[in-house]
Amino acid sequence: MPRRRDSYAVGVTEPANPAAASGRRVAAFFDLDKTIIAKSSTLAFSRPFFQEGLINRRAVLKSAYAQFVFMLAGADADQMDRMRAHITSLCTGWDIDQVNAIVEETLHDIVDPLVYKEATQLITDHQDQGHEIVVLSASGQEVVAPIAKLLGADHWSGTRMVVSEGRYTGEVDFYCSAENKAVAARELADKYDYDLGECYAYSDSVTDMPLLEAVGHPTVVNPDRGLRKEAVQRGWPSLAFEHPVSLRARIPTPSRAAVTAAGVGLSAVAAAGATWWGVRAWRRRR
């Protein structure tokens, strides 16, 4: 089972709740990066995109540095907003067919070694209690969806990019981050009759405070500095996930069609990884 950072009980160990007794559904909302998987899904795809010519070598090196920074400190709301702006400029005009081909060859190999064993166990615990699993992430919807399916999630939501005539327009339709992640949770709750007061949420980032505050049972996982402080002040449970395992070994491999479908919009999240370092450097110069 996941190792606890403190003495608070994990939400799934509690007795049956009123929502379940009344027939309403209960969901467990999971962030993706550093909560379910051990790295940023955004940054992880920079190398295959370099190999196919969508980004240059310098961008790959910056992405590697950004991954290191991300693992140490996470990102605040200001950095996330600036990253969104850079996504639009980098992805404008990218061809979706080329992205699909890259994803078909690399998605499973990249994601497979990154999934936390503790996360899969926690997901199973919720499923055993009849809770629905929902994955919410600032990563592109087309990346979030296949990963969520592999994990056995019931629903998911991610960032949606605008596409016209097979190419990215450079616009973001919905950025699934910060308050918008809570918006996505409320929309899903309305659609599937979840009682948010009896639902659960798991995240590593202080930017997800709106999501954690929206449910009755918030838990922080591998929290960044800001979220750790909030969790202590509010008495929220805190978990440490430390053991990435092979997703392929635990969950059946998806069909070729399912993996190919993940391509549309993936370029957006890969581009974000390539620009993170530059955003931080610009911020320091200010």
Side-chain angles (χ1 to χ4, degrees), residues 1-14 17 26-43 66-84 116 118-119 122-123 125-126 131 133-139 144 157-159 175-189 194-242 272 276 279-280 283:
M1 290 297 294
R3 181 171 65 83
R4 297 173 186 153
R5 291 184 183 273
D6 55 32
S7 59
Y8 297 105
V10 179
V12 294
T13 63
E14 296 177 357
N17 55 64
V26 176
F29 297 93
F30 284 82
D31 175 45
L32 183 59
D33 300 345
K34 293 180 68 179
T35 302
I36 293 179
I37 64 176
K39 293 184 180 180
S40 164
S41 56
T42 295
L43 304 179
Q67 182 68 262
F68 172 73
V69 172
F70 176 84
M71 295 304 295
L72 289 181
D76 59 26
D78 183 59
Q79 289 169 327
M80 295 292 285
D81 286 342
R82 295 187 187 283
M83 184 167 65
R84 176 179 57 177
Y116 283 120
E118 297 93 338
L122 185 55
I123 288 171
D125 289 343
H126 277 291
H131 301 164
I133 305 300
V134 180
V135 176
L136 303 175
S137 176
S139 293
V144 177
S157 183
T159 295
Y175 191 41
C176 192
S177 176
E179 177 59 38
N180 277 348
K181 196 172 284 188
V183 169
R186 288 191 288 268
E187 290 178 349
L188 288 167
Y194 299 145
D195 182 348
L196 286 177
E198 298 297 335
C199 287
Y200 302 78
Y202 301 90
S203 177
D204 71 290
S205 174
V206 71
T207 61
D208 286 341
M209 282 295 297
L211 171 64
L212 294 168
E213 291 174 333
V215 302
H217 303 287
T219 297
V220 302
V221 177
N222 299 339
D224 59 26
R225 186 179 305 170
L227 186 56
R228 185 181 301 112
K229 180 179 179 181
E230 290 287 345
V232 170
Q233 292 177 345
R234 297 166 184 255
W236 288 348
S238 181
L239 301 177
F241 290 177
E242 300 174 340
W276 189 298
V279 174
R280 291 180 64 88
R283 200 165 173 225

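Only this structure's heavy atoms are used, side chains among them; waters, hydrogens and symmetry mates stay out.
With contacts defined as side-chain heavy-atom distances shorter than 4.5 Å, the pair Tyr194/Phe29 qualifies. Side-chain contact between Glu213 and Arg234 is present, with at least one heavy-atom pair separated by less than 4.5 Å. Put simply, the side chain of Val221 does not reach to within 4.5 Å of the side chain of Leu122, judged on heavy atoms. Put simply, the side chain of Leu227 reaches to within 4.5 Å of the side chain of Met209, judged on heavy atoms.
To the nearest 0.5 Å, the span separating CZ on Phe241 from CD1 on Ile36 amounts to 9.0 Å. Annotation: the span from Leu211 atom CG to Lys181 atom NZ amounts to 7.0 Å, rounded to 0.5 Å. The CG atom of Leu32 sits 10.0 Å away from the CG atom of Asp204 when rounded to the nearest 0.5 Å. With values rounded to the nearest 0.5 angstrom, Thr35 atom OG1 is found 12.0 Å from Glu118 atom CD. Here the SG atom belonging to Cys199 is positioned 10.0 Å from the CG atom belonging to Leu188, to the nearest 0.5 angstrom.
The nearest pair of heavy atoms linking Val144 to Gly158 is CG2-CA, 4.1 Å. Across every non-hydrogen atom of Ser139 and Asp33, the tightest pair is OG-OD2, 3.7 Å. Smallest separation of non-hydrogen atoms from Thr207 and Pro210: O-CD, 3.5 Å. Here the shortest heavy-atom pairing between Leu212 and Pro218 reads O-CB, 3.4 Å.
Between the Asp224 side chain and the Val206 main chain, a donor and an acceptor come within less than 3.5 Å of each other.
Looking at residues two or more places apart in sequence or on another chain, you find a side-chain contact (heavy atoms from CB on, under 4.5 Å) between Ala184 and Leu136, Ser157, Phe174, Cys176. Every salt bridge (Lys or Arg N to Asp or Glu O under 4.0 Å) that Glu179 has, sequence neighbours left out, goes to Arg186.
Ring orientation note: the planes of Phe30 and His126 are nearly perpendicular, at an angle over 60° on the 30°/60° scale. Using a 30° and 60° split on the angle between ring planes, His217 and Tyr200 fall in the parallel class, below 30°.
Screening Asp31, Asn222, Thr219 against Ser203 for a side chain to side chain contact (heavy atoms under 4.5 Å, CB included) leaves a single residue, Asp31.
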